[in-house]
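Working notes for the structure below.
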Amino acid sequence: MENKEIAAVLNEISQLLELAGENPFKVRAYAQGARTIEIQDRPAVELISKGELARIKGIGATLSQQITELVRDGETALHRDLQKKFPAGIREMLRVPGLGPKKVKELLERLSIRSLGELEYACHENRLVTLPGFGEKSQQNILRGIEHLKKFQGRFLFGEAYPQAQELLSSLVGHPAASRGAIAGSLRRCKEIVKDIDLVAESARPGDLMDFFTSLPAVEEVLAQGTTKSAVRLRSGMQADLRVVAPGAFPFALHHFTGSKEHHIALRSLANDRGFKLNEYGLFRREKPVSCRDEGDIYRRLGLDYIPPELREDWGEIAAAREKTLPKLVEEKDLRGTFHLHTYRSDGSPTPDQWVQAAREKGYGYLGLSDHSQSAAYAGGLKAEQLRAQEAEVRQANGAQKEVRLFRGIESDIRPDGSLDYPAQELARFDFIVASVHSRFNLTEAEMTRRLVRAVENPYTTMLGHPSGRLLLARDGYPVDMDAVLEAAARQGVIIELNANPHRLDLDWRLLKKAKSLGLRIAINPDAHHLEGLADVHYGVGIARKGWLTKEDVFNTREAGEVADYLEKRRKRAGQKR
DNA sequence: GCCGTTTTCGGCCCGACTGTTTTCAGTCG
């Protein structure tokens with residue numbers, strides 16, 4: 001059983017214990033244990049065999065026993081009993097905003113409601129109003145919450161939410177009552193999926209700013225309005241929350257509402273140890289406020305280096321900030337070019353000349369064009385006989401100007417047996433090759449792992465495209481032993497793509513740290529099919545930062561000449577190996 | 001349930017808002 005699966009079970013145990021009315025600290029201990037086991041570099045089975053499991057901070061005797069039981073039997077008695085007591089329908093009710101374990105328990109015990117469907121029915125029957133702790137309002141809110149769950153599932157892509165947040169923010173900071181404003185929440189931390197938009201603003205006239213916010217054209221419905229907090233539902237279906245604070249409190253509010261919760265728990269605990277108290281209004285030493293101009297000051301007063309928002313996941317960043325070993329994260333301005341762009345020849349729209357123009361506008365020195373290969377018939381993959389024309393076209397675009405170097409590549413399908421999609425003499429002619437899986441996702445994990453390992457062992461493979469194959473909010477990645485694939489890529493010097501398309505953001509940031517530790521280079525590629533898609537590298541950079549990557553870890557921060565030399569050398573070596 | 005350079009027992013981040021109450025519990029971030 002993998003660490004991730006173990007974590008999922010522990011998390012569920014935590015939720016169910018909460019439903020059972022257990023000690024909240026016990027509940028938290030299980031949730032914390034889940035996180036701890038998930039971020040271990042080594043599999044639990046190894047930790048158990050070496051007797052190191054119970055020595056990990058946050059895993060004590062009981063959790064260690066539960067994990068051991070899980071690894072040995074694939075399940076635990078505790079988990080099984082809890083599941084029997086609280087079936088899936090009950091757990092689903094916890095996703096309704098405003099419903100927590102206590103209220104779900106009440107619904108269960110007093111009205112025998114055991115699923116979302118039953119809950120909706122009970123609301124329509126007006127049966128919640130008489131329940132203690134509930135009333136007319138909460139019944140309506142629950143109905144609306146169910147409606148919303150059904151409609152949107154309450155989750156949105158980073159790339160969907162970000163432009164909306166930007167627009168709201170620019171409206172807000174343009175208002176005379178606002179002196180400062182910022183995006184906060186998981187969006188600021190660059191999570192690939194977000195639940196809502198959090199905004200923080202500073203104002204001496206909060207009432208005016210709130211009136212302005214709740215009447216913006218993007219707002220469909222005002223869910224709550226006060227002088228410190230307002231919440232609205234946007235026409236897009238997203239919820240946006242605005243917090244307004246008085247001048248001086250802004251850094252603390254921004255920090256607080258950026259999260260994550262786990263980061264705050266760890267940080268406040270450290271603050272306590274050092275004689276401080278930290279909350280959303282300030283940093284205090286013996287009840288006396290400590291002045292901070294910005295978030296950097298907050299960390300410095302606590303004896304830490306500044307921790308960028310993307311890293312605030314309680315994933316080792318606090319220890320690194322204390323030891324002054326935080327990485328200097330890559331920035332968008334470090335990128336010198338990018339790869340994996342489609343043209344009109346397969347399923348994209350731009351011509352090579354148009355891509356050159358787009359690169360120029362972005363200040364890039366090079367672009368790597370890679371249309372689909374012949375097996376991807378659905379995407380207009382290039383037949384072998386079309387390759388000469390493509391070659392000539394790229395050569396011509398390069399001859400016509402000197403500012404932007406176009407590299408001629410292909411996004412080669414990885415066939416089910418792991419081979420690439422053209423004969424070697426064709427592969428040898430490309431400047432670079434992105435190898436990706438686009439079909440036959442239904443192989444077993446062992447077969448898929450073999451397939452990907454074989455693909456990265458092909459001497460012509462330059463990079464592995466969207467390694468997991470996931471489509472966020474739509475499709476999980478195929479089953480594959482990603483560790484084995486990454487290790488093979490590291491042996492072969494194959495670059496790993498961080499596909500920056502908001503639907504993919506693949507390789508996942510949780511694995512980037514692992515890839516980095518293997519010495520792998522990462523290419524932040526937009527996988528763009530239209531000119532506007534080039535801007536998606538922004539999301540890729542956010543995820544790269546979240547994965548602790550520096551400029552040096554990212555392949556396309558190199559200058560055009562260096563990239564050209566690298567690709568040429570690799571191509572020569574591949575020719576010799578063949 | 002976990003943890004300990006004051007502690008092996010007694011803490012565990014902390015405050016606002018909502019809807020329900022008539023002083024507060026539950027939820028949320």
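In what follows, chains are A, B, ... by sequence order, proteins preceding strands, each numbered from 1.
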With [X] via ring pair (Phe, Tyr, Trp, His ring centres under 6.0 Å) - residues at least two apart:
X       : result
F212(A) : H175(A)
H264(A) : H255(A), H256(A)
H538(A) : Y162(A)

Would you mind calling dT6(B) syn or anti? Take O4'-C1'-N9-C4 for purines or O4'-C1'-N1-C2 for pyrimidines, and syn is within 90° of 0.
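That one's anti.
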For T62(A), answer base if it contacts any base atom (sugar-phosphate contacts may also be present), sugar-phosphate if it contacts only those atoms, and nothing otherwise; contact means non-hydrogen atoms under 4.0 Å.
->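 Result for T62(A) = sugar-phosphate.
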Next on the checklist: Using a heavy-atom cut-off of 4.0 Å across all strands, would you classify A224(A) as base, sugar-phosphate, or nothing?
Outcome noted: sugar-phosphate
Hey, can you pull the residues of [range] with a non-hydrogen atom under 4.0 angstrom from DNA chain B?
range                       : answer
residues 128-142 of chain A : G133(A), F134(A), G135(A), E136(A), K137(A), S138(A), N141(A)
residues 66-85 of chain A   : none
residues 286-295 of chain A : none

Interatomic distance where [atom1] belongs to [X] and [atom2] belongs to [N] [whole Å]:
X       : N       : atom1 : atom2 : answer
N279(A) : dC17(B) : CG    : P     : 13 Å
L278(A) : dG15(B) : CG    : P     : 10 Å
F25(A)  : dC12(B) : CZ    : P     : 7 Å
F252(A) : dA16(B) : CZ    : P     : 15 Å
Q15(A)  : dG1(B)  : CD    : C1'   : 18 Å
E262(A) : dC12(B) : CD    : P     : 19 Å
E18(A)  : dG1(B)  : CD    : C1'   : 14 Å

Pairs of donor and acceptor atoms involving the side chains of residues 269-277 of chain A, under 3.5 Å and at least two apart or interchain, shall be tabulated with distances.
residue, atom, partner, partner atom, Å
R274(A), NH1, L302(A), O, 2.7

Report yes if the side chains of [X] and [Y] come closer than 4.5 Å at any heavy-atom pair, otherwise no.
X       : Y       : answer
L70(A)  : H79(A)  : no
E313(A) : R510(A) : no
Q225(A) : D211(A) : yes

Are any protein N/O atoms closer than 3.5 Å to N/O atoms in nucleotides 3-9 of chain B? If there are, list each pair with its distance.
residue, atom, partner, partner atom, Å
dC3(B), OP1, G58(A), N, 2.4

Measuring only the [atom1] atom in each nucleotide, how far is [N] from [M]? A whole number of Å is fine.
N       : M       : atom1 : result
dC3(B)  : dT8(B)  : C1'   : 9 Å
dG29(B) : dC13(B) : C1'   : 12 Å
dG11(B) : dC17(B) : C1'   : 27 Å
dC28(B) : dT20(B) : P     : 15 Å
dC12(B) : dT7(B)  : C1'   : 14 Å
dC14(B) : dC9(B)  : P     : 24 Å
dT23(B) : dT18(B) : C1'   : 15 Å

- Item | Nucleotide paired to dC14(B) in any strand shown, Watson-Crick or G-U, under 3.5 Å |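 Across any shown strand, dC14(B) pairs with dG29(B).
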Is it true that atom [atom1] of [X] has more than 12 heavy atoms of other residues, nucleotides or ligands lying nearer than 6.0 Å?
X       : atom1 : answer
K514(A) : NZ    : yes
E445(A) : CD    : yes
K288(A) : NZ    : no

Using distance only, find each side-chain donor-acceptor pair of residues 103-114 of chain A under 3.5 Å and give its atom names and separation, not counting sequence neighbours.
residue, atom, partner, partner atom, Å
E106(A), OE2, R110(A), NE, 2.7

Sorted by chain and number, sequence neighbours left out, salt bridge (Lys or Arg N to Asp or Glu O under 4.0 Å) with E221(A) holds for R144(A)
- request: Using salt bridge (Lys or Arg N to Asp or Glu O under 4.0 Å) as the criterion, list what pairs up with E46(A), not counting sequence neighbours.
  value: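 Result, salt bridge (Lys or Arg N to Asp or Glu O under 4.0 Å) vs E46(A): R42(A), K50(A).
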Picking from dT18(B), dA16(B), dG1(B), the nucleotide nearest the side-chain atoms of Y30(A) would be dG1(B)
If only atom types and distance count, is the side chain of S14(A) paired as donor or acceptor with the main-chain N or O of L10(A) below 3.5 Å?
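It does not hold such a pair.
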Notebook entry, point to check: Can you check whether R293(A)'s main-chain N or O pairs, donor with acceptor, with D297(A)'s side chain at less than 3.5 Å?
Noted result: yes
Margin query: Do E69(A) and T76(A) pair up side chain to side chain, a donor and an acceptor below 3.5 Å, judged on atom types alone?
Written below: no
**Asked** Is the charged tip of K516(A) near the ring of W548(A): under 6.0 Å from the six-membered ring centre and within 45° of its axis?
**Response**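 Checked: cation-pi criterion not met.
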Self-check item: Check against salt bridge (Lys or Arg N to Asp or Glu O under 4.0 Å), E2(A) and K4(A)
Solution: CA-CA 5 Å; E2(A) 282 184 39; K4(A) 210 168 137 187; over 6 Å; no
Heavy-atom contacts, protein to nucleotides 24-29 of chain B, under 4.0 Å, summarised as B (base), S (sugar-phosphate only) or - (none) per nt, yield --SSSB
